[in-house]
2 protein chains.
Amino acid sequence: MKNTQATIRDLALKLNISISTVSRALRNAPDVNPETKKAVLALAEQLHYEPNRVAQSLRIKKTKTIGVVVPQIAMHFFSSVISGIQEYAAQHGYSIMICQSLESLDTEKSNIHMLVSNRVDGLLISLSSETTNVEHLEHLLAKKIPIVLFDRITDALPVSKVVVDDHDGAFTAVDYLIRTGCHRIAYIGGPEGLSISNQRLQGYRDALQKHGLPLLPDYIVHCTDLQHGATDATRRLLDLPGRPDAIFCMNDPMAILAMQVLRERGVRIPDDISLVGFTDEPVSRFIEPALTTVAQPAYTMGQAAARLFIGQVEQPDNFTPRQEVLPTELIVRGTTRRL
Amino acid sequence: MKNTQATIRDLALKLNISISTVSRALRNAPDVNPETKKAVLALAEQLHYEPNRVAQSLRIKKTKTIGVVVPQIAMHFFSSVISGIQEYAAQHGYSIMICQSLESLDTEKSNIHMLVSNRVDGLLISLSSETTNVEHLEHLLAKKIPIVLFDRITDALPVSKVVVDDHDGAFTAVDYLIRTGCHRIAYIGGPEGLSISNQRLQGYRDALQKHGLPLLPDYIVHCTDLQHGATDATRRLLDLPGRPDAIFCMNDPMAILAMQVLRERGVRIPDDISLVGFTDEPVSRFIEPALTTVAQPAYTMGQAAARLFIGQVEQPDNFTPRQEVLPTELIVRGTTRRL
DNA sequence: AACGGTGCCGGAAACGTTCTCGAACATCAA
DNA sequence: TTGATGTTCGAGAACGTTTCCGGCACCGTT
């Protein structure tokens, strides 16, 4: 009894045929006798033979593995994206290898090194909030390693990307706020370099402009700390001489932090201040009052990223970078006034 | 200019030394001249050489990769566990490959095949709710493939396991319910074969018994559909002649479904019926009323599973299966009466 | 001068596949 | 009989490493 995995060689020996023939039989090649083929397949079944993907990969120089880097696995948005990636990938014979950058550029780099060492066929990346310089990604492109960016993207790279329509989502949300009677609307965003934050900021700006409202620098706050920065930001906004009557936050966790500060200070929502988030985390519909937010299709984004990637590696000839923009949807709940 | 990854051979050629020497230099072997070593490392740096893990794996018969199978990535509990696994693994030089069974036994099997084909060094598994028969896992053990089970485990396998103290968590929760004056307590659980559901059921039973309360079969409902079954289950409980005055649910999502049914029917929480969940999802503290629940340390569980696994593969000599039981904590919130 | 030890290095096999080339044989038509 | 064609198969190289084994040069000791 062998206590190890059977190899193609074991099959060949036992059947008294050559390794090449076994290989052909397993891959259903045309030039092999149907009888031999049947014998090989039967024995493979019997010995629980599993082809050694490591050896295959070395030989054919493809691993059928996709490297995925996200800032934080345990965020609902990202785990949903991953779920979409994983399902699409599995359906097309790909495995996925996952890393989290934890919003650190250094960790992102070392993640990527690890994945490249593992010779993944390419990378699906959502950038850390620290990542403003993308030299490490340019190196990969120089080595012809395909990359698809999603959600947290950069314009500096000629690769396929999939995002939600951040500008439009923000524009719609802020437009809605204005139409419910808010005129002093603040924005709490992420660090300056973060693509999604800037896109959403631009949507906010354009909505104000459309309605002829002034753009006050004091009303725009950038948080470098994505986890807790929103608390301070909200406090600062409340202490302003002209207190805002609405706050639009870059994402739901920030909006929830803001909500807690507002509650602390006895500010009524939405009567005194309206609040809008982004993402539609599962929490948001259950919180009191339920959070008005911009929903983004996370699972679909994952599928799209995987689809673009596999399309690129399986038909490299007619490939050009493509940017896919997914629609968002404003979900009106209790933190905004009625129209 | 090469448009492909540099190999050890490229380094050797360029430095006019042998492949063996380069290999030794890179692995910091003792029997290589410090000067040569320096030259090799310098050139490696310059050419952005990354060792080919695929070739290494084939040669040394270890991939330094852990296969992970969970029912559903996009559940907060599991994504937290994965986060813990990933971090611990990365710190110890391991990559992780992730699959989701989507609560299907067939998918679980094909996931495992894929991972085994990739020659992962072993598997970290949380069983699907459909998995009652574990022959497919016994096959792996016969092939000496290490397995560590977490959360959704089975007693049928002599492998390391990490769970939370489901019995104790349930016992504490139900004991608390009784001490707040509830006497007709129902349990909504998962399918019959699900380890965590049965453990929690036993904790529930023992708490009732401790207080001399009767065990009514009508008060115990098993849901095969983990996603939506709790809705029907709650309706059935409410229609019972002797309506319960408390419901203990196997997890938070089920408790939230139950809560919605209660609200629909105009039942007051906790005055008419108390409600307790399990897991402490992020939602649970924000929902109104905030859900009393049993918190489990998901991230720690992931770390522990990875730790047990790596311990097993790196010191196989003194290995014996170990079961690690993590403590839970009852978080009292608004869905239960005060003591 | 011969010897053993040490430091450094190269050759070559092996890991489990895929794939190209060509061999061996049968069949068939001329 | 010859040559052409087709079917089935095997030999062997290659993918990029690691590692065993042995070789050479140099040193100090006897």
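To find a chain, count down the sequence lines: A is the first, B the second, and so on, and within it residues start at 1.
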Inset, instruction - Would you mind telling me which residue lines up with the more 5' stretch of DNA chain C, B:N16 or A:P51, judged by nearest nucleotide? - result: B:N16

Inset, instruction - Give one of base, sugar-phosphate or nothing for B:S20, where a contact means two heavy atoms less than 4.0 Å apart. - result: base

Legend entry - Pair B:Q323-B:S160, side-chain donor/acceptor within less than 3.5 Å: no

Legend entry - Between A:T107 and A:S110: side-chain donor-acceptor atoms closer than 3.5 Å: no

Inset, instruction - May I ask you to say what B:N52 touches in the nucleic acid, namely base, sugar-phosphate or nothing, with a heavy-atom cut-off under 4.0 Å? - result: sugar-phosphate

Inset, instruction - Tell me what B:R53 touches on the nucleic acid: a base, only sugar-phosphate, or nothing, going by heavy atoms under 4.0 Å. - result: nothing

Inset, instruction - Have a look at A:T36 and say if it touches a base, only the backbone sugar-phosphate, or nothing, with a 4.0 Å heavy-atom cut-off. - result: sugar-phosphate

Legend entry - Atom pair distance, as rounded to whole Å: CG in A:N118 and C1' in D:dG16: 14 Å

Legend entry - Which nucleotide in C:dC19, D:dG16, C:dT17 has an atom nearest any side-chain atom of A:Q56: C:dT17

Inset, instruction - Looking at every strand, decide which applies to B:N33 at a 4.0 Å heavy-atom threshold: base, sugar-phosphate, or nothing. - result: sugar-phosphate

Inset, instruction - Could you tell me the separation between the CD1 atom of A:I8 and the P atom of D:dC15, rounded to a whole number of Å? - result: 19 Å

Legend entry - Any side-chain donor near an acceptor of the partner, A:N111 and A:S101, under 3.5 Å: no

Legend entry - Phosphate contact (C:dC9 OP1 or OP2) by B:T21 side-chain N/O below 4.0 Å: no

Legend entry - Of the listed nucleotides D:dT17, C:dT17, D:dG10, the one nearest the side chain of B:T7: D:dT17

Legend entry - A:R119/B:E50 ion pair, N-O < 4.0 Å: no

Inset, instruction - Consider the side chain of B:I19, meaning its heavy atoms from C-beta on, and name the nucleotide among D:dC20, D:dC9, D:dT17 that approaches it most closely. - result: D:dT17

Legend entry - Distance below 4.0 Å between B:K61 side-chain N/O and C:dG16 OP1 or OP2: yes

Inset, instruction - Would you please confirm or rule out a distance under 4.0 Å between OP1 or OP2 of D:dG16 and any side-chain N or O of A:R119? - result: no

Inset, instruction - For B:E87 and B:Y299, test the side chains for any donor-to-acceptor distance below 3.5 angstrom and give the result as yes or no. - result: yes

